[in-house]
Number of protein chains: 2
Amino acid sequence: MKYNLPHKTIERLSQYRRALLICLEKGQTHIYSHEIARIQHITAVQVRRDLMLIGYTGTLRKGYNVKELIELIGEIIDSSEGINVAIVGMGNLGRALINYFIGKRSHLRIVASFDINPDKIGNTMSGVPCFSIDDLPQIVKEKNIRIGIMTVPAEFASQTADLLVKSGIKGILNYTPKPVNVPDDVYLEEYDMITSLEKVAFYVKLNEQKIV
Amino acid sequence: MKYNLPHKTIERLSQYRRALLICLEKGQTHIYSHEIARIQHITAVQVRRDLMLIGYTGTLRKGYNVKELIELIGEIIDSSEGINVAIVGMGNLGRALINYFIGKRSHLRIVASFDINPDKIGNTMSGVPCFSIDDLPQIVKEKNIRIGIMTVPAEFASQTADLLVKSGIKGILNYTPKPVNVPDDVYLEEYDMITSLEKVAFYVKLNEQKIV
DNA sequence: CTAAAAATGTGAAAAACTTAACACTGTTAG
DNA sequence: CTAACAGTGTTAAGTTTTTCACATTTTTAG
């Protein structure tokens with residue numbers, strides 16, 4: 001199987017699948033590249049290129065088979081056994097993520113959450129139990145958790161990342177506004193909401209200036 | 001002033017500033033390109049290139065003046081009068097965003113939130129009042145809101161975007177998993193947490209396969 | 001005073017990513 | 001039956017973004 005796919009293609013494949021799943025629900029069996037493109041705000045060529053890279057061939061004039069394509073994307077980007085995920089920090093963002101994911105992607109299982117607040121520890125939200133952060137290393141091993149999502153306050157970012165790494169986690173998604181450091185064998189993805197908003201603000205300002 | 005900056009540079013400038021603000025608090029007056037680079041997990045050349053693009057010149061052997069650089073980045077990416085922002089959807093994610101922003105960036109003011117739940121309407125969270133979504137067009141005009149952050153459930157994504165556009169908003173940050181369509185004069189930024197997590201999962205899987 | 005070291009600034013090369021252009025092929029209309 | 005059409009697949013070109021390589025300059029050490 002090909003895995004030297006561009007980073008951007010990986011992201012788009014995930015997005016294509018999301019769109020395709022909606023089509024499947026609606027009973028749509030085939031879809032054209034330009035239909036996918038319109039949904040994702042990209043070009044049809046881009047879509048065809050991505051599908052070419054994963055080796056999927058559509059039917060001429062009929063487009064792509066929705067079900068087949070969903071399955072192929074799954075084979076490429078999912079692990080066959082699924083991956084267990086933990087959320088560290090059960091503030092608003094942590095809870096938002098749990099609500100968001102529940103029942104969405106079966107191969108990504110949120111199996112635990114962690115917090116330091118005694119009021120939260122011991123509770124279960126949408127089937128996800130909340131543990132003390134002190135028990136993190138143990139629970140990570142017991143439950144074979146391989147990805148940690150960090151939704152703790154910024155001041156705890158570094159230590160949380162260190163703890164996750166020490167516990168043997170293999171991927172971190174950091175929603176903290178503070179960048180963290182991890183060893184090379186741990187995959188790190190960081191996202192900062194302020195950056196996104198500032199970017200929007202910049203382009204809004206730019207558009208206004210263009211008009212003037 | 002130069003505004004034909006690469007998209008990526010805009011994002012990084014926002015991130016540099018965040019890092020610089022922390023340095024400023026610590027009392028650090030100067031910083032080297034490689035120090036910024038290490039924090040952001042990029043190369044020093046990249047940092048220097050970005051600063052070159054915005055026309056900032058450091059002091060040889062002393063690095064960049066933290067305070068000056070923060071101010072220059074502000075001149076580039078901020079609007080002088082600031083921008084008013086609204087959050088649509090006061091679920092966990094909406095509340096997370098408010099907590100996240102309060103007191104962080106003075107030029108981005110979250111001045112209103114909207115929901116359909118009568119229990120939430122009329123409340124104030126961290127100084128942000130919650131209005132009925134029915135009043136959105138009016139409030140947007142009254143308060144001169146130019147950016148809307150969408151944190152509503154996916155099924156309301158399209159109609160919320162339409163409403164925001166019709167109300168005269170100029171930028172949308174869509175945290176819904178459903179892509180929306182807006183006219184060309186409205187800047188749209190979309191972010192999907194599932195895509196990010198799936199990306200992490202993909203690279204975790206990939207790393208494991210490399211080892212085997 | 002001079003050489004080595006350590007930083008910035010930048011033209012040019014390289015890499016990553018996107019788009020154009022077009023060959024190809026079923027499908028449809030006449 | 002044939003021409004026009006509307007889709008896919010892909011090579012090549014173009015664009016954007018990153019990195020290399022190195023000239024330049026200040027500081028430090030001897």
Side-chain angles (χ1 to χ4, degrees), chain A residues 2-16 19-20 23 28-69 72-73 76 189-190 195 199 202-203 206, chain B residues 2-16 19-20 23 28-69 72-73 76 189-190 195 199 202-203 206:
Chain A
K2 285 173 206 157
Y3 286 118
N4 46 351
L5 297 167
H7 276 54
K8 292 281 182 72
T9 295
I10 298 298
E11 289 178 9
R12 282 191 299 262
L13 287 174
S14 164
Q15 289 163 0
Y16 297 163
L20 291 167
C23 295
Q28 191 177 347
T29 62
H30 287 76
I31 192 165
Y32 297 127
S33 60
H34 65 256
E35 293 179 293
I36 300 178
R38 190 156 12 85
I39 296 171
Q40 299 299 144
H41 313 305
I42 55 176
T43 65
V45 179
Q46 181 81 82
V47 175
R48 295 206 298 276
R49 161 86 33 190
D50 285 334
L51 300 190
M52 186 189 103
L53 291 174
I54 64 171
Y56 186 68
T57 293
T59 313
L60 200 46
R61 291 279 301 202
K62 286 191 77 181
Y64 304 95
N65 181 306
V66 173
K67 209 173 164 189
E68 272 178 25
L69 187 47
L72 179 59
I73 292 175
I76 306 269
E189 175 94 10
E190 308 201 302
T195 292
K199 191 177 168 192
F202 173 79
Y203 284 106
L206 199 57
Chain B
K2 284 173 206 158
Y3 286 118
N4 47 350
L5 297 168
H7 276 54
K8 291 282 181 72
T9 295
I10 297 299
E11 289 178 10
R12 283 191 299 262
L13 287 174
S14 164
Q15 288 163 0
Y16 297 163
L20 290 167
C23 294
Q28 192 177 347
T29 62
H30 287 76
I31 192 166
Y32 297 127
S33 60
H34 65 257
E35 293 178 293
I36 299 177
R38 190 157 12 84
I39 296 171
Q40 299 299 143
H41 312 305
I42 56 177
T43 65
V45 179
Q46 182 82 80
V47 174
R48 294 205 298 275
R49 166 84 41 191
D50 286 334
L51 299 189
M52 188 189 104
L53 290 173
I54 63 170
Y56 185 67
T57 293
T59 313
L60 200 45
R61 291 280 301 201
K62 287 192 78 180
Y64 303 96
N65 181 306
V66 173
K67 208 172 164 190
E68 273 178 25
L69 187 46
L72 179 59
I73 292 175
I76 306 270
E189 174 93 10
E190 308 202 303
T195 291
K199 190 177 170 195
F202 173 78
Y203 285 106
L206 199 57

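Chain naming here is simple, since letters A, B, ... match the order of the sequence lines and numbering starts at 1 in each. Given the structure is predicted, the values throughout are model-derived calculations rather than measurements.
In this structure, A/Gln40 and A/Arg12 have side chains that are not in contact, with every pair of non-hydrogen atoms separated by 4.5 Å or more. Considering only heavy atoms from C-beta on, A/Glu35 comes within 4.5 Å of A/Gln28 through its side chain. Using a 4.5 Å heavy-atom cutoff, the side chains of B/Leu51 and B/Ser33 are not in contact.
Out of D/dT26, C/dG11, D/dT17, the shortest distance to the side chain of B/Arg49 is found at C/dG11. Of the candidates C/dA5, C/dT19, D/dT17, D/dT17 carries the atom nearest the B/Lys8 side chain, counting heavy atoms from C-beta on. Nearest to the side chain of B/Val45, among D/dT19, C/dT8, C/dT19, sits D/dT19. For B/His34, counting side-chain heavy atoms from C-beta on, the closest listed nucleotide (D/dC5, C/dA7, C/dT10) is C/dA7. Across D/dT8, C/dT19, D/dA21, the shortest atom-to-atom separation from the side chain of B/Arg48 is found for D/dA21.
In this structure, the NE2 atom of A/His7 is 16 Å from the P atom of D/dT17, given to the nearest Å. Atom CD1 of A/Ile10 and atom P of C/dC17 are 11 Å apart (whole Å). Atom P of nucleotide C/dT10 and atom CG of B/Leu60 are separated by 12 Å, given to the nearest angstrom. Counting to the nearest Å, the P atom of D/dT16 and the CG atom of B/Leu53 are 13 Å from each other. If you take CZ of A/Arg38 and C1' of D/dG7, they are 14 Å apart, rounded to a whole angstrom. In this structure, B/Ile42 places its CD1 atom 9 Å from P of D/dT19, rounding to the nearest Å. One atom, CG of B/Asn65, and another, P of C/dA7, lie 17 Å apart when rounded to the nearest Å. Atom-to-atom, CD of A/Glu35 to P of D/dA6 comes out at 14 Å; the value is rounded to the nearest Å.
Nucleotides of DNA chain C nearest to A/Asp50 and B/Gly63 differ in position, and the one nearer the 5' end is that of B/Gly63. In terms of position on DNA chain D, the residue among A/Lys62 and B/Pro6 whose nearest nucleotide sits closer to the 5' end is A/Lys62.
Under 4.0 angstrom from either OP1 or OP2 of D/dT18 there lies at least one side-chain N or O belonging to B/Arg12. Residue B/Tyr32 places no side-chain N or O under 4.0 Å from the OP1 or OP2 atom of C/dG9. The shortest distance between the side-chain N/O atoms of B/Gln46 and the OP1/OP2 oxygens of D/dT19 is below 4.0 Å.
Residue-level contact check: A/Thr9 touches neither bases nor backbone, having no heavy atom under 4.0 Å from any strand. Note on A/Thr57: only backbone sugar-phosphate atoms sit closer than 4.0 angstrom, heavy atoms only; bases stay farther off.
Of the possible polar contacts, none joining the A/Tyr56 side chain to the A/Arg48 backbone as a donor-acceptor pair under 3.5 Å is found. No donor-acceptor pair closer than 3.5 Å links the side chain of B/Tyr16 to the backbone N or O of B/Ala37.
You'll find a donor-acceptor pair under 3.5 Å spanning the side chain of A/Arg61 and the base of D/dC5, going by distance alone.
Once rounded to the nearest 0.5 Å, the distance linking CD1 of B/Ile31 with CD1 of B/Ile39 reads 5.0 Å.
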